[in-house]
Amino acid sequence: MAGIKTHETSEGVSLEELQLATRNHGMPLEALRYEVTPIGLHYLLVHFDIPLVDPSNWTLEVDGLVATMECAGNGRARFSPRPVSQPWLVEAVGTARWRGVSLRALLAEAAPLDGAVEVVFTGLDRGVENGIDQRFQRSLPLAEALASDAMLAFGMNGGALPPQHGYPLRLVVPGWYGMTNVKWLEGITLLDRPFDGYQQLRGYRLRRDEDDDGRPLSRMLPRALMIPPGIPDFMSRERTVPPGPCELEGRAWSGWSAIESVEVSTDGGSTWQEARLGAQLAPWAWRSWKHLWEPDGTGSYTLCCRARDAAGNVQPLEPEWNVGGYANNAVQRIPVTVAP
Ligand SMILES: Nc1nc2c(c(=O)[nH]1)N[C@H]1C(S)=C(S)[C@@H](COP(=O)(O)O)O[C@H]1N2
Ligand SMILES: [Mo]
């Protein structure tokens, strides 16, 4: 793969990226108020087209779980130079109540042969990416698939899976970045070697430069997000907050381990205070946090929050650049003005 150019960079958002960004929307940050993200507010990322599926002739060749899912490209638009692709800021995340069957149980039923090492999931959607005609496909090492709480989901938030989220069946691998969760499943294939499809070998890898083969993305790094307080300006979305105590709140998650702490800064990251963590709704769901902020006067402040997980991962102040613009979990910054 070394030497194959897979991603460009650019400063201004192009019309092509705007086209992507209107198809693929983020979760408005005020939706962090919901423990389970309502359908329509859950973020959306579709590489090709949403397939039209007739359930009467759909087949798959071969309870309930709440999980937070985040796109590996979340934060991409904040890199400089900016890798050209879906220009996410921070809102490519959501939490859903999935209903389906255990992948582990299904694989056990299928009784893989001894030589099987990887499981490939194929979606019905087809398109061209970087000149390569493909189905959307991703794999998991068999051992990883058997050890995980992964499921084949046919329900979302109490109803059927909607078309844009993978009707009639999708994979959900809790803790892993979004690309793992293949939608519109058509087939599951066991391989006796590592899968070398486009989305595995060229997309979704952390690479320092074009000559670096890099390493594959897997689990979500920790991130805390804050519900922007006060009221927004229409164009800049900068916030105005009235003087007096202000309860800051948000949610935090990590695919590596439980959230251990969330800290809040109101001075752009110079000093930090510990936030209060809420209850963990489910093992794979985000965790709520709150912090009472008492501004010492009127004027400008930069609010930040950062999460740390039990595996010792913590959010950086500045992101580490990579070719595809992945896994930017640098702390969120919210400029606010305190004014009557
Ligand atoms: N078949 C298929 N599955 C897919 C995708 C896709 O384009 N096609 N996009 C992936 C990516 S990159 C992400 S982040 C998640 C987004 O899931 P959502 O749109 O349900 O939030 O789906 C993943 N599964
Ligand atoms: Mo994604």
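Ligands are counted one by one from 1 in listed order, and the atoms in each one are counted from 1 as well. The analysis underlying the following values was restricted to heavy atoms, covering all of them including side chains, and did not include hydrogens, waters or symmetry mates.
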### Message
Quick check on contacts: which atoms of ligand 1 are under 4.0 angstrom from a heavy atom of Asp125?
### Response
1 (N), 2 (C), 6 (C), 7 (O), 8 (N)

### Message
Below 3.5 Å, N or O to N or O, backbone or side chain included: is there any such pair between Trp184 and ligand 1?
### Response
no

### Message
Just so I know, are the side chains of Trp184 and Arg170 near enough to count as touching, which here means a heavy-atom distance under 4.5 Å?
### Response
no

### Query
If you count the atoms of ligand 1 from 1 in the order shown, which ones are under 4.0 Å from a heavy atom of Tyr204?
12 (S)

## Note on the structure
Within 4.0 Å of some non-hydrogen atom of Cys71, the atoms of ligand 1 are 14 (S)

#### Entry: Side chains of Trp176 and Ser218, donor plus acceptor under 3.5 Å
no

### Task
Using distance alone, with no hydrogens and no angle criterion, decide if Thr122 and Gln137 have a side-chain donor and acceptor under 3.5 Å apart.
yes

### Summary
Atoms of ligand 1 under 4.0 Å from any heavy atom of His47, numbered from 1 in the order shown, are 6 (C), 7 (O), 9 (N), 12 (S)

### Close aromatic pair by centroid cut-off 6.0 Å: Trp293 and Tyr301
yes

#### Entry: Steps toward side chain to side chain donor-acceptor pair (under 3.5 Å) verdict (Asp309, Ser254)
CA-CA 7 Å; Asp309 69 17; Ser254 164; 2.7 Å; yes

### Task
Decide whether Phe48 and Ile50 are clustered together by the hydrophobic rule: side chain heavy atoms of Ile, Leu, Val, Met, Phe, Trp, Tyr closer than 4.5 Å, transitively.
yes

#### Entry: Nearest-neighbour protein heavy atom for atom 15 (C) of ligand 1, which is reported as residue plus atom name and distance
Gly178 O, 3.5 Å

### Query
Who gets closest to atom 20 (O) of ligand 1 by heavy atom: His25, Arg138, His165?
His165

## Note on the structure
So the atoms of ligand 1 within less than 4.0 Å of a heavy atom of Val46 turn out to be 7 (O)

### Any donor-acceptor N or O pair under 3.5 Å, side chains Glu249, Trp289
no

### Query
Which one of Arg205, Arg135, Gln134 satisfies the side chain to side chain donor-acceptor pair (under 3.5 Å) criterion with Gln199?
Gln134

### Summary
Note: heavy atom closest to atom 19 (O) of ligand 1, options Arg126, Lys183, Gln164, His42, belongs to Lys183

### Summary
for atom 9 (N) of ligand 1, nearest protein heavy atom and its distance come out as Leu45 O, 3.2 Å

### Query
Of all the non-hydrogen atoms in the protein, which one sits nearest to atom 16 (C) of ligand 1, and at what distance?
Tyr43 OH, 3.5 Å

### Query
Hey, which atoms in ligand 1 end up nearer than 4.0 Å to a heavy atom of Asn181?
22 (O), 23 (C), 24 (N)

### Of the listed options Met179, Arg170, Met69, closest to atom 22 (O) of ligand 1 (non-hydrogen atoms)
Arg170

### Task
Return the set of residues passing salt bridge (charged side-chain N to carboxylate O under 4.0 Å, His left out) with Glu320 (not counting sequence neighbours), or none when no residue passes.
none

